[in-house]
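Values below: all heavy atoms of this structure, side chains included; hydrogens, waters and symmetry mates excluded.
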Amino acid sequence: MAAIHRTISVPRTAHLHQLGTLSPETRHLWIVLHGYGQLARYFIRHFEGITDAQTAVLAPEGLSRFYLEGFSGRVGATWMTKEERLHEITDYINYLNQVREMALNEAPDAELHVLGFSQGGATACRWLAQAQWPMKQLVLWAGVFPEDMEITSASRTLSQTHLTYVYGLQDPFVADDKVQAQLVRVEAAGLHPEVITFAGKHELNQEVLRLLKNQSSS
């Protein structure tokens with residue numbers, strides 16, 4: 001007799017880390033999504049330089065954790081794998097919607113900025129494709145719209161959003177030909193992104209982060 005596949009929704013605890021204060025005085029809310037194998041508590045440290053009295057940063061952590069090597073030692077998190085991927089996508093979209101709602105309940109006048117690094121970029125794209133609310137800025141850092149995602153599904157949401165691609169010129173995971181192919185796709189969908197490069201590898205860059213912050217405040 002063949003086994004039957006069933007699903008059940010269960011409550012679980014999610015984790016996120018915060019820099020700055022969420023309050024009615026907050027003007028800029030950044031939600032930053034880490035890459036594959038990272039943890040939010042370390043990822044968020046890169047954003048200390050853009051936090052101020054009017055700017056808060058939230059770093060949610062992917063719902064699945066694993067040992068990076070073997071059966072012990074350092075732990076990382078991931079947003080999804082190929083196994084039951086549609087359910088995992090639904091789960092993290094619901095999770096990120098709750099993060100946004102929680103934050104804006106505390107900071108109702110804040111403009112939303114989303115930054116996705118590497119795998120977090122694809123995560124951000126899938127999340128925002130279903131959004132029915134405005135955002136000031138979307139930054140895809142060493143990340144792109146997933147190949148299996150129809151970009152036009154997100155173009156209406158992002159039409160009033162400042163879309164920026166950022167990548168290091170020595171990043172072994174970001175090939176220039178793939179970036180150019182991505183730009184053709186997004187421009188065909190009616191989006192006109194800014195592209196920022198820097199001398200570096202698969203990493204965040206403080207100078208570029210400060211530039212993005214200054215753009216967001218203008």
Side-chain angles (χ1 to χ4, degrees), residues 13-35 38 40-63 79 89-117 120-141 143 145 151 153-166 186 189-194 196 204-218:
T13 301
H15 301 269
L16 59 156
H17 292 259
Q18 177 177 325
L19 286 171
T21 302
L22 292 170
S23 74
E25 285 69 49
T26 306
R27 293 294 171 263
H28 301 282
L29 166 64
W30 286 77
I31 295 179
V32 298
L33 307 181
H34 64 77
Q38 296 181 310
R41 69 175 177 269
Y42 302 123
F43 184 65
I44 200 170
R45 294 177 182 176
H46 296 283
F47 299 89
E48 292 174 353
I50 71 167
T51 308
D52 56 33
Q54 295 188 328
T55 306
V57 181
L58 288 179
E61 189 165 276
L63 294 172
W79 293 100
I89 291 171
T90 297
D91 287 344
Y92 74 58
I93 286 175
N94 291 335
Y95 166 32
L96 294 174
N97 282 339
Q98 289 186 53
V99 170
R100 172 189 168 272
E101 291 170 8
M102 176 201 72
L104 291 180
N105 281 337
E106 298 177 31
D109 296 324
E111 294 181 316
L112 177 63
H113 310 262
V114 176
L115 183 148
F117 175 75
T123 301
C125 291
R126 291 191 176 100
W127 172 37
L128 299 177
Q130 55 80 55
Q132 300 297 317
W133 26 261
M135 74 202 79
K136 174 88 170 182
Q137 187 176 24
L138 170 61
V139 180
L140 300 180
W141 195 305
F145 282 89
I151 296 180
S153 65
S155 61
R156 184 176 303 175
T157 299
L158 298 177
S159 61
Q160 303 301 315
T161 300
H162 188 162
L163 174 62
T164 305
Y165 285 84
V166 181
V186 298
L191 301 175
H192 305 286
E194 177 184 9
I196 299 174
L204 293 171
N205 176 279
Q206 291 301 310
E207 183 177 348
V208 176
L209 285 174
R210 287 191 293 269
L211 173 63
L212 294 171
K213 173 181 169 57
N214 291 336
Q215 287 179 343
S216 73
S217 300
S218 61

* Structure fact -> Output for pair (L163 CG, M135 CE), nearest 0.5 Å, gives 10.0 Å

* Specify whether W79 and Y92 have parallel, tilted or perpendicular ring planes, treating 30° as the upper limit for parallel and 60° as the lower limit for perpendicular. => perpendicular

* To do: Show your working on side-chain contact (heavy atoms from CB on, under 4.5 Å) between N205 and H46 and close with a plain yes or no.
  => CA-CA 8 Å; N205 176 279; H46 296 283; over 6 Å; no

* Is there a donor-acceptor pair closer than 3.5 Å between any side-chain N or O of T26 and the backbone N or O of T21? -> yes

* Could you tell me whether the side chain of E111 and the main chain of H113 form a donor-acceptor pair under 3.5 Å? => no

* Nearest 0.5 Å, what's the CG-OG1 distance between L128 and T123? -> 10.5 Å

* Which atom of L138 lies closest to which atom of A124, heavy atoms considered -> CD1-CB, 4.2 Å

* To do: List the steps, then state whether side-chain contact (heavy atoms from CB on, under 4.5 Å) holds for W30 with L209.
  => CA-CA 12 Å; W30 286 77; L209 285 174; 5.9 Å; no

* What heavy-atom pair brings V99 and P60 nearest, and what distance separates the two atoms? -> CG1-CG, 4.2 Å

* Asked: For L115 and V166, what are the C-alpha separation, side-chain angles and deciding distance, and is it a side-chain contact (heavy atoms from CB on, under 4.5 Å)?
  -> CA-CA 10 Å; L115 183 148; V166 181; over 6 Å; no

* To do: Hey, could you give me the NZ/CZ distance between K136 and R27, rounded to the nearest 0.5 Å?
  => 13.0 Å

* Atom CG in L16, atom CD in Q98: separation rounded to 0.5 Å? -> 11.0 Å

* Determine, step by step, whether W141 and T164 satisfy the side-chain contact (heavy atoms from CB on, under 4.5 Å) criterion, reporting the C-alpha distance in whole Å, the side-chain angles of both residues, the deciding distance to 0.1 Å, and the verdict. => CA-CA 8 Å; W141 195 305; T164 305; over 6 Å; no

* **Closest non-hydrogen atom pair between G121 and L140, with its separation** => O-CD2, 3.7 Å

* Asked: Mind checking what makes salt bridge (Lys or Arg N to Asp or Glu O under 4.0 Å) contact with D109, not counting sequence neighbours?
  -> none

* To do: Would you check if the side chain of K213 reaches a backbone N or O of I50 as a donor-acceptor pair within less than 3.5 Å?
  => yes

* Which atom of I93 lies closest to which atom of R126, heavy atoms considered -> CD1-O, 3.6 Å

* Whether H28 side chain and Q54 backbone form a donor-acceptor pair below 3.5 Å -> no

* Asked: Looking at side-chain heavy atoms only, is the closest gap between L96 and L33 below 4.5 Å?
  -> yes

* At their closest point, which heavy atom of A59 faces which heavy atom of A40, and how far apart are they? -> O-CB, 3.3 Å

* Asked: From R41 CZ over to H15 NE2, what is the distance, rounded to the nearest 0.5 angstrom?
  -> 10.0 Å

* **Minimum side-chain heavy-atom gap T55-F47 below 4.5 Å** => no

* Heavy-atom neighbours of E48 CD exceed 12 at 6.0 Å -> yes

* Once you round to the nearest 0.5 Å, how far does CG of L104 lie from CD1 of I31? -> 7.0 Å

* Would you indicate whether the side-chain heavy atoms of V114 and T161 approach each other to under 4.5 Å? => no

* Please report the shortest heavy-atom distance between G20 and A56, naming the atom on each side. => C-CB, 4.3 Å

* To do: Describe, in one word, how the ring planes of F117 and F43 are oriented to each other, choosing from parallel (under 30°), tilted (30 to 60°) and perpendicular (over 60°).
  => tilted

* Please confirm whether the backbone N or O of W127 pairs with a side-chain atom of Q130, one donor and one acceptor, at under 3.5 Å? => yes

